[in-house]
Amino acid sequence: MSPVEENVSLTDGMHLLVKALKLNGIDKIYGVVGIPVTDLAREAQKQGIRYIGFRHEQSAGNAAAITGFLTKKPGICLTVSAPGFLNGLISLANATVNGFPMIQISGSSDRSIIDLQQGDYEELDQMNIAKPFAKASYRINKPEDIAIGVARTIRAAVSGKPGGVYLDVTANLLQTAIDKIAAEKTLFSPEDPAPSFIPSRDSIQKALSLLSKAKKPLIILGKGAAYAQTDENIKTFIEKTGIPFLPMSMAKGLLPDDHIQSAAAARSFVLKNADTVILLGARLNWLLSHGKGSHWNPNVKFIQLDIDPKEIDSNHFIAGPIVGDIASSMNSLLEELPNYSFNFDSNWNSSIEDIKKTNEVKMNEKLNLSSNPLNYYNALKVVKEVLDAHRDIYLVNEGANTLDDTRNVVNMYYPRRRLDCGTWGVMGIGMGFAIGAAVTSGKPVLAIEGDSAFGFSGMEISTICEYNLPVTIVVFNNGGIYRGDGLNLSGGSDPSPTTLMETARYDKLIEAFGGVPYNVSTGEELKKAIVAGITSLKPTLINCIIDPKAGTESGHITSLNPKHLSDK
Ligand code: ADP
Ligand code: TZD
Ligand code: MG
């Protein structure tokens, strides 16, 4: 027990910070401890905040970020100074890019030494370094400011467009003593930290009158729509208007993928032909070819719903901007809807249906083609069957072919169940997202991982086993990044840049921590192992052998590779 704690009339920054977090509804912290935050984690645990200790800060940060996405409350990641801070910063940046509310709280060293660059233990000017990667970056220097500092941090993370916020807490702050009664009086929890942004009536009417002129409308659902948790209203709007919808990756399941109006299996056709597109919490970034070029109808008109006015006209003229939070915007749209009539082409939906049928036949042929070793499609057929039967499960997914093919093959039926590489296409979210989803939901999580992707966060199987989390990991082991048959162009004996060991037995890793291992090479074996994993709720790792020749370079985004001159 610290001297301060024994002293009834005094408290210190560390104790007060934990109290402030608790008062603000923070019930879990993901992190890695060390100087100067070890006691902070201990005290948090003592006060009933669940502390999940990781092997690497990046995964702790990813767990925090996905907690934010799933709950609309900031997920908290705790890191030590300098290197721990930097390890966590990648996930903070990723949270910001994706619009997930997350807070990285990091201990830091002595300001006076840092500022004169005199070489303190783990010296780094963390608050300023975090700024370009975070939505906001703050430091609390004195215990009297803890309540305000925490409130600002939370408000910055969840209000408007959510994002990652950095909070610097110096070793000195944590140990500074303060009168207990006076300090506790300063604590408060912010009123309405994520206020509604109600769109103007004018913008709603303009958008609906634009829609009333559409012949071939389309709704694109993005992860902003999934985040908004206004699922019923979105469903009602889509079903009332009869407009086909296309879910972006993490919006899959907002309406079930087998919904009659889903145009996912006719994606190219609808993008090329739609004359009016409603972007519902989806940015017109690279994932939608910036709304331009051969993928799109050159005369397309956009209606865009976004909380961030800076997203309007970011890549393309937006004829119908609706700036507001999606829950309020959907309410307003539904209210105004009866005042408008629509005159969509009568054969728009049926032509989509025809294309869907043709593409589904092609897809089923691929899924049903057996091979030895397995390829992505016949392996994913099994994953699809399991998830069709276990719909409430969380699916974490990363890799290249492993990512793109899973997204296309495996149906989602509930909102916010598919968690993946997101806007940056980043590798390394896998185990952090799986842990965050399992801890937050208490439900089983299935992580479908490329063998390369898994390597970025694989050590966290230790965390999964230690906390006995219901996570089943499938490693699609094709022996490489994209493909396992790369060549070393020098003719030398080193592996090629894309090669990884195809003989690696990833399953054996989890044995070291008491998890359940499977090594599978057929569809039946894969199915049995996944079902055993998700129903036993035991930490499980399945090494699934995939044909090294099965994948394509960069999965579905081969065209983004720079084109080089051939070397004569
Ligand atoms: P996707 O990758 O699924 O296309 P993006 O991350 O590109 O989705 O876009 C999500 C958009 O949703 C962002 O521009 C963000 O500002 C917006 N957004 C996030 N939350 C809300 C909300 N509650 N209301 C309205 N817009 C939101
Ligand atoms: N580093 C980080 C942090 N993110 C990245 N996206 C990459 C590197 C580059 N990269 C991709 O874009 S996908 C990928 C890498 C390394 C791995 C693909 O291999 P995989 O999946 O084994 O995970 P497939 O099934 O073999 O394609
Ligand atoms: Mg691979």
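Scope of the values below: all heavy atoms of this structure, side chains included, with no hydrogens, waters or symmetry mates. Atoms within a ligand are numbered from 1 in the order they appear, just like the ligands themselves. These numbers were taken from a predicted model, which means no experiment stands behind them.
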(message) Please find the pair of heavy atoms, one from Arg416 and one from Ala226, that lie closest to each other, and give the distance.
(response)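 Scanning both residues, the minimum pair turns out to be NH1-O, 2.7 Å.
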(message) Against ligand 1, does Gly324 come closer than 4.0 Å with any heavy atom?
(response)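 Within the 4.0 Å threshold, so yes.
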(request) Check each heavy atom of Asn478 against ligand 2 and say whether those closer than 4.0 Å belong to the side chain, the backbone, both or neither. (result)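 Side chain only.
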(request) Select one of side chain, backbone, both or neither to describe which atoms of Trp424 lie under 4.0 Å from any atom of ligand 2, heavy atoms only. (result) neither
Salt bridge present between [X] and [Y] (N-O < 4.0 angstrom):
X      : Y      : result
Asp308 : Arg283 : no
Arg418 : Asp420 : yes
Asp202 : Lys206 : yes
Asp275 : Lys216 : no
Asp392 : Arg417 : yes

For [atom], which protein heavy atom lies nearest, and how many Å away is it?
atom                    : value
atom 17 (C) of ligand 2 : Ser452 OG, 3.4 Å
atom 22 (O) of ligand 2 : Asp451 OD1, 2.5 Å
atom 15 (C) of ligand 1 : Asp306 OD1, 3.4 Å
atom 10 (C) of ligand 1 : Gly281 O, 3.0 Å
atom 23 (O) of ligand 2 : Ala453 N, 2.9 Å
atom 6 (N) of ligand 2  : Gly425 O, 2.8 Å
atom 21 (C) of ligand 1 : Gly224 O, 3.9 Å
atom 24 (P) of ligand 2 : Tyr376 OH, 3.4 Å
atom 23 (N) of ligand 1 : Ala228 CB, 3.9 Å
atom 4 (O) of ligand 1  : Met248 CG, 3.3 Å
atom 20 (N) of ligand 1 : Tyr227 CD2, 3.7 Å

Quick one: does [X]'s side chain get under 4.5 Å of [Y]'s, heavy atoms only?
X      : Y      : answer
Pro539 : Val471 : no
Tyr518 : Glu525 : no
His316 : His290 : no

(request) Apply the side-chain contact (heavy atoms from CB on, under 4.5 Å) test between Ile154 and each candidate in Ile76, Val165, Ile103; give the one that qualifies. (result)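 Testing Ile154 for a side-chain contact (heavy atoms from CB on, under 4.5 Å) against Ile76, Val165, Ile103 leaves exactly one candidate, Ile103.
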(request) Using the side-chain contact (heavy atoms from CB on, under 4.5 Å) rule, pick out the option among Ile542, Asn519, Val475 that qualifies with Tyr506. (result) Val475
Is it the case that the side chains of [Y] and [X] hold a donor-acceptor pair, with the cut-off being a distance below 3.5 Å and no angle test?
X      : Y      : answer
Asn378 : Ser371 : yes
Asn331 : Asn233 : yes
Asn543 : Asn477 : yes
Ser457 : Asn62  : no

(request) Within a distance under 4.0 Å of any heavy atom of Thr402, pick out the atoms of ligand 2 and give their elements. (result)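 Once the distances to Thr402 are compared, the set is 21 (O), 24 (P), 25 (O).
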(request) State the atoms of ligand 2, each with its element, that fall below the 4.0 Å cut-off from a heavy-atom position in Ala400. (result)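 With Ala400 as reference, the close atoms of ligand 2 come out as 13 (S), 18 (C), 21 (O), 24 (P), 27 (O).
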Under-4.0 Å heavy-atom contact with ligand 1, by part of [X] that carries it:
X      : result
Asn285 : side chain
Arg283 : both
Lys223 : both

Return yes when [X] approaches ligand 2 closer than 4.0 angstrom through a heavy atom, no otherwise.
X      : value
Gly428 : no
Phe476 : no
Phe454 : no

(request) With sequence neighbours excluded, tell me which residues meet salt bridge (charged side-chain N to carboxylate O under 4.0 Å, His left out) with Arg483. (result)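 Scan of Arg483 (salt bridge (charged side-chain N to carboxylate O under 4.0 Å, His left out), adjacent residues dropped) gives Asp485.
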(message) Does ligand 2 come near enough to Ile481 that some N or O of the ligand is less than 3.5 Å from an N or O of the residue?
(response)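 Min N/O separation from ligand 2 is not below 3.5 Å for Ile481.
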(message) What I want to know is whether Asn401 and ligand 2 share at least one N or O pair that is separated by under 3.5 angstrom.
(response)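 Yes - when backbone and side-chain N and O of Asn401 are compared with those of ligand 2, one distance drops under 3.5 Å.
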(message) Check whether Glu460 reaches the backbone of His56 with its side chain - one donor and one acceptor, N or O, closer than 3.5 Å.
(response)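 A pair under 3.5 Å: yes.
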(message) In terms of relative ring orientation, are Phe69 and Phe100 parallel, tilted or perpendicular, with 30° and 60° separating the classes?
(response)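 Rings of Phe69 and Phe100: tilted, 30 to 60°.
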Checking the N or O distance criterion of under 3.5 Å, is ligand 1 in contact with [X]?
X      : answer
Ile307 : yes
Glu311 : no
Ile326 : yes

(message) Going by side-chain hydrogen bond (donor to acceptor under 3.5 Å, both in side chains), Thr79 matches just one of Gln58, Glu57, Gln104. Which one?
(response) Gln104
(request) Just jot down the ligand 1 atoms closer than 4.0 angstrom to any heavy atom of Asp308, in number order. (result) 16 (O)
(message) With heavy-atom distances below 4.0 Å as the criterion, list the atoms of ligand 1 near Gly222.
(response)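 Numbered from 1, ligand 1 contributes 3 (O).
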(message) Cation-pi check for Tyr227 against Lys72: NZ or CZ below 6.0 Å from the six-membered ring centre and within 45 degrees of the axis, yes or no?
(response)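 Yes; both conditions hold, so Lys72 lies above the ring face of Tyr227.
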(message) I'd like to know whether NZ of Lys356 has more than 12 heavy-atom contacts from other residues, nucleotides or ligands below 6.0 angstrom.
(response)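 Yes, because the 6.0 Å sphere around NZ of Lys356 holds more than 12 heavy atoms from other groups.
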(message) I'd like to check atom 9 (C) of ligand 2 in this structure: does the protein have a heavy atom lying under 4.0 Å from it?
(response)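 Within 4.0 Å: no protein heavy atom nearby.
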(request) Could you grab the protein N, O or S atoms closer than 2.8 Å to the Mg ion (ligand 3) for me? (result)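 The answer, once waters are left aside, is Asp451 OD1, Asn478 OD1, Gly480 O.
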(message) Could you work out, for atom 13 (S) of ligand 2, the closest of Met427, Glu449, Glu553, Gln58 by heavy-atom distance?
(response) Met427
